[in-house]
Amino acid sequence: MKYYSTRGKNNFVSFKTAVIEGLSNDGGLFMPESIPLLPLSMIQQIENYSLREIGYEISKYFIDGEIPDQKLSNIVEHAINFDAPLVELSDNLSVLELFHGPTLAFKDFGARFMAKTMEFFAAGMNRELNILVATSGDTGSAVAHGFYGAEGIKVFILYPKGKVSFLQEKQLTTLDKNITAIEVNGTFDDCQSLVKEAFVDEQLKSEINLSSANSINIARLIPQSFYFINAYKQLKDKNKPAVISVPSGNLGNITAGLMAKKMGLPVLRFIGAANKNDVFTEFITDHKFNPRKSVQTLSNAMDVGNPSNLERIVDLYNNNIEEMRKDISSSSWSDEETEIGIKEVFEKYSYIIDPHGAVGYQALKYFLANQNIDNVNGIVVETAHPAKFNDIVEKVTQKEIIIPDRLAVCITKEKKSIQIKKSYNELKNLLLNT
Ligand SMILES: *Cc1c(COP(=O)(O)O)cnc(C)c1O
């Protein structure tokens with residue numbers, strides 16, 4: 001399987017190149033030259049496949065021999081070492097829990113798979129690979145945990161001092177070994193500019209082997225299709241149409257779902273559920289793309305004003321908005337409606353949902369009410385564990401949330417970070433001397 005850039009379809013690269021480079025030279029995102037159609041027998045007998053077996057079958061198509069089968073099977077086993085259960089709330093409503101990984105958010109699926117594939121490719125290089133990533137919180141911890149202990153790889157995570165939550169900072173700064181947390185006296189945008197500057201610094205690149213692990217890496221997208229297929233497997237009545245609502249920001253998660261649909265997964269519709277950052281809702285409704293500065297909301301992992309993966313969705317549908325509208329709906333919800341969603345899910349179903357999931361719930365409910373569909377498998381994708389947002393969730397539900405052990409352990413560990421000013425020279429010296 002070859003990969004092309006969404007901005008130029010005549011320049012094909014291998015999977016390895018797509019993973020190591022992350023972003024194409026022309027600024028486009030890598031896409032597989034074709035989306036494999038899963039054998040009908042696999043869909044019909046999906047009950048016989050575990051989540052990891054589904055993952056292995058799908059990744060074989062996309063990686064196409066660039067990683068030997070046995071090795072690939074090990075990668076999937078190690079990367080996806082937790083489950084993605086579908087929890088039924090009522091006849092028509094289920095929640096797909098994607099927070100059972102080490103950092104309690106769905107980003108663990110992508111980050112761990114990417115880390116393991118990069119580790120495989122790094123083993124074939126004669127120098128150490130240095131990964132540089134800027135984070136506003138969740139991505140950094142998933143990436144740090146994914147690469148923790150990886151052979152031949154060092155990871156540097158830049159985060160803005162005082163601008164991530166207490167728990168997020170603990171998750172970022174309490175790992176040792178090959179992970180270095182760099183606390184930048186500045187904003188997230190400053191962190192991102194420093195990373196970008198490093199990537200165009202030819203001197204630095206010739207001295208150290210530099211790679212990125214940002215969210216548009218194709219190796220983060222592929223594993224996100226596994227759990228949509230695994231969700232379908234868990235449906236009791238597969239004759240009822242499935243409608244899946246995905247709390248969306250940078251649109252990676254929903255893109256993976258749409259790819260699963262193209263692979264043959266029977267899903268009636270995907271909903272891109274947005275908070276007040278509604279660039280995607282506007283795109284689907286009015287076919288206008290107007291990227292803008294993000295605004296802060298309760299579902300902060302979706303505070304994205306210029307969603308990168310839109311380019312992939314447009315590519316997947318050959319820029320045909322009518323075709324997109326057949327498969328995709330989108331709606332946008334305020335913080336107040338998010339809180340109402342949390343409250344309603346708790347009161348109706350005794351289920352504690354996080355603010356991102358609550359946006360997904362509102363969008364699904366709205367869609368089903370408008371379409372007058374009632375015999376349906378409605379699925380809300382729950383992208384994070386509510387304990388990550390305990391202040392708001394406890395306020396709304398008046399119920400204390402038990403913090404899972406894997407999050408609780410890092411609270412007691414000592415924070416270790418290197419503080420720098422927002423100065424590129426300081427970062428460069430640090431990278432050259434560590
Ligand atoms: C990153 C994130 C999202 C948004 O996912 P995209 O793939 O960027 O659309 C939603 N919820 C949580 C909890 C996240 O961490």
Side-chain angles (χ1 to χ4, degrees), residues 29 84 95-114 133-146 164-165 167-168 171-172 188 213-225 227-228 244-260 270-281 283-284 291 294 297-313 328 330 332-333 338 341-342 353-363 380-390 392-393 407:
L29 277 62
V95 174
L96 179 60
E97 293 185 346
L98 300 184
F99 54 68
H100 294 276
T103 72
L104 291 86
F106 85 92
K107 291 194 173 67
D108 283 324
F109 285 89
R112 292 177 66 80
F113 186 82
M114 175 181 63
V133 61
T135 184
S136 55
D138 278 350
T139 300
S141 54
V143 167
H145 284 256
V164 302
S165 78
L167 285 174
Q168 282 174 327
Q171 285 183 308
L172 284 174
F188 169 65
N214 59 21
S215 64
I216 40 78
N217 199 299
I218 187 73
R220 284 180 61 170
L221 208 63
I222 291 167
Q224 291 176 3
S225 64
Y227 46 70
F228 287 105
I244 304 183
S245 180
V246 187
S248 294
N250 219 10
L251 302 172
N253 210 357
I254 193 170
T255 302
L258 294 168
M259 281 167 60
F270 281 91
I271 303 171
N275 58 30
K276 277 296 150 192
N277 295 283
D278 57 354
V279 172
F280 185 58
T281 305
F283 177 80
I284 292 294
S294 63
T297 74
L298 292 178
S299 46
N300 58 19
M302 289 150 53
D303 294 349
V304 179
N306 185 4
S308 340
N309 283 293
L310 184 59
E311 230 171 287
R312 283 198 168 112
I313 296 178
I328 313 165
S330 181
S332 146
W333 303 88
T338 304
I342 296 172
I353 202 158
D354 97 294
H356 304 79
V359 171
Y361 168 78
Q362 291 287 25
V380 174
V381 176
E382 173 61 322
T383 46
H385 192 288
K388 286 191 105 167
F389 305 91
N390 53 356
I392 146 92
V393 175
L407 183 59

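One-based numbering, in listed order, for ligands and for the atoms of each. The analysis underlying the following values was restricted to heavy atoms, covering all of them including side chains, and did not include hydrogens, waters or symmetry mates.
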Can you name the atoms of ligand 1, numbered from 1 with element, that are less than 4.0 Å from a heavy atom of [X]?
X	value
Ala301	1 (C), 2 (C), 3 (C), 4 (C), 12 (C), 14 (C), 15 (O)
Pro247	4 (C), 10 (C)
Asn253	7 (O)
Lys107	1 (C), 2 (C), 3 (C), 14 (C), 15 (O)
Gly252	6 (P), 7 (O), 9 (O)
Ala384	13 (C)
Asp138	15 (O)
Asn250	6 (P), 8 (O), 9 (O)

So, taking the atom named CG in Asn253 and the one named OG1 in Thr383, what distance separates them when rounded to the nearest 0.5 Å?
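Spacing of CG (Asn253) from OG1 (Thr383) equals 7.5 Å.
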Review point. Looking at ligand 1, does any of its N/O atoms fall within less than 3.5 Å of an N/O of Ser248?
Key: no
* Would you sort out whether Asp303 and Lys276 count as a salt bridge (Lys or Arg N to Asp or Glu O under 4.0 Å), showing the intermediate values? => CA-CA 8 Å; Asp303 294 349; Lys276 277 296 150 192; over 6 Å; no
- Query: Does Phe99 have a heavy atom less than 4.0 Å from any atom of ligand 1?
  - Reply: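 No.
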Between Gln224 (side chain) and Gly257 (backbone), is there a donor-acceptor pair under 3.5 Å? no
Q) For the side chain of Gln168 and the backbone of Ser165, is there at least one donor-acceptor N/O pair under 3.5 Å apart? A)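 Here the side-chain-to-backbone pair exists.
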Do the two ring centres, one from Phe99 and one from Phe109, sit under 6.0 Å apart?
no
**Asked** Between Arg220 and Arg112, is any pair of side-chain heavy atoms under 4.5 Å apart?
**Response**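 Not touching, per the 4.5 Å side-chain cut-off.
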Note the single closest protein heavy atom to [atom], along with its residue, its atom name and the distance in Å.
atom	answer
atom 11 (N) of ligand 1	Thr383 OG1, 2.8 Å
atom 3 (C) of ligand 1	Phe106 CE2, 3.6 Å
atom 4 (C) of ligand 1	Gly249 N, 3.6 Å

Side-chain donor-acceptor pair present, Thr281, Ser330, cut-off under 3.5 Å:
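Yes.
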Does a donor on one side chain and an acceptor on the other come within less than 3.5 Å for Asn309 and Asn250? no
Test side-chain contact (heavy atoms from CB on, under 4.5 Å), reference Asn275, set Pro247, Ser332, Ser299, Pro355, output is Ser299
Logged contact type for Met302 with ligand 1, heavy-atom cut-off 4.0 Å, is side chain
